[in-house]
Amino acid sequence: MNIKELIKAAKEASARSYSPYSRYKVGAALLTKNGKIHTGTNIENASFPAGMCAERVALFEAIKNGDDQFEALAIYAEGENFPFPCGICRQVIAEFTSDLKIIIAKSEDDYVIKNISELLPDTFDFSV
Ligand code: THU
């Protein structure tokens with residue numbers, strides 16, 4: 001897996017962000033185990049809760065296309081802080097992956113790598 005390439009794909013996706021309210025452009029690039037990349041960007045709405053995060057757009061796009069085996073996810077947003085995924089996105093990531101590498105980048109060469117168990121320990125699950 002080429003980390004730099006995946007970050008670049010996330011950066012390109014962030015350029016398509018629809019974020020007139022926050023002006024915070026987020027991109028996500030999700031690499032599948034068979035080498036495909038699904039991307040997403042944040043899409044906001046005048047009715048704020050109707051907006052969607054970049055990570056979930058990428059994940060849902062992959063699932064919709066029949067891909068559910070993931071290798072890595074790059075999240076890209078320029079700013080002072082690293083763009084750690086929000087709580088809801090962490091929960092959605094955990095639904096589909098346990099060994100995914102999550103690359104959190106605030107520029108092409110400034111990033112940290114985490115896995116989902118670090119970001120969301122003791123994940124909620126249930127059995128009936
Ligand atoms: N956002 C994401 O795209 N991913 C996250 O994990 C956190 C937040 C977006 C949602 C909104 O468009 C903007 O960032 C500011 O919250």
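Just so you know, these numbers come straight off a predicted model, no measurement behind them. Remember, it's 1-based here, ligands and their atoms both numbered in the order they're listed.
Nearest non-hydrogen protein atom to atom 4 (N) of ligand 1 is Glu55 OE1, 2.8 Å. Looking at atom 12 (O) of ligand 1, its nearest protein heavy atom turns out to be Glu44 OE2, 2.5 Å.
In this structure, Ser19 has no heavy atom closer than 4.0 Å to ligand 1.
Asp67 places no side-chain N or O within 3.5 Å of a backbone atom of Ile63 that could act as its donor or acceptor partner. Without hydrogens or angle criteria, Ser19 side chain to Ser22 main chain gives no donor-acceptor distance under 3.5 Å. Using modelled atom types, no side-chain atom of Thr41 and backbone atom of Gly27 make a donor-acceptor pair closer than 3.5 Å. Formation of a donor-acceptor pair under 3.5 Å by the Lys106 side chain with backbone atoms of Glu80 is found in this model.
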> Run the ring pair (Phe, Tyr, Trp, His ring centres under 6.0 Å) check on Phe96 and Phe70 step by step: do they pass?
Replying inline: CA-CA 8 Å; Phe96 296 108; Phe70 306 118; 7.0 Å; no
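Using a 4.5 Å cut-off between side-chain heavy atoms of Ile, Leu, Val, Met, Phe, Trp and Tyr, with links allowed through other members, Ile7 and Leu31 fall into the same hydrophobic cluster.
Here is the list of ligand 1 atoms found below 4.0 Å of a heavy atom in Asn42: 3 (O), 9 (C), 11 (C), 12 (O), 13 (C), 14 (O). Shown in contact with Ser22 at under 4.0 Å from a heavy atom are these atoms of ligand 1, numbered in order with element: 13 (C), 15 (C). Distances below 4.0 Å separate heavy atoms of Tyr24 from the following atoms of ligand 1: 14 (O). For ligand 1, the atoms lying closer than 4.0 Å to a non-hydrogen atom of Cys53 are 1 (N), 2 (C), 3 (O), 4 (N), 5 (C), 7 (C), 8 (C).
A salt bridge is absent between Lys8 and Glu5; no separation between the charged side-chain nitrogens and carboxylate oxygens falls under 4.0 Å.
Looking at Ala58, Ala54, Pro85 and measuring to atom 3 (O) of ligand 1, the nearest heavy atom belongs to Ala54.
Within a 4.0 Å radius of atom 6 (O) of ligand 1, the protein contributes at least one heavy atom.
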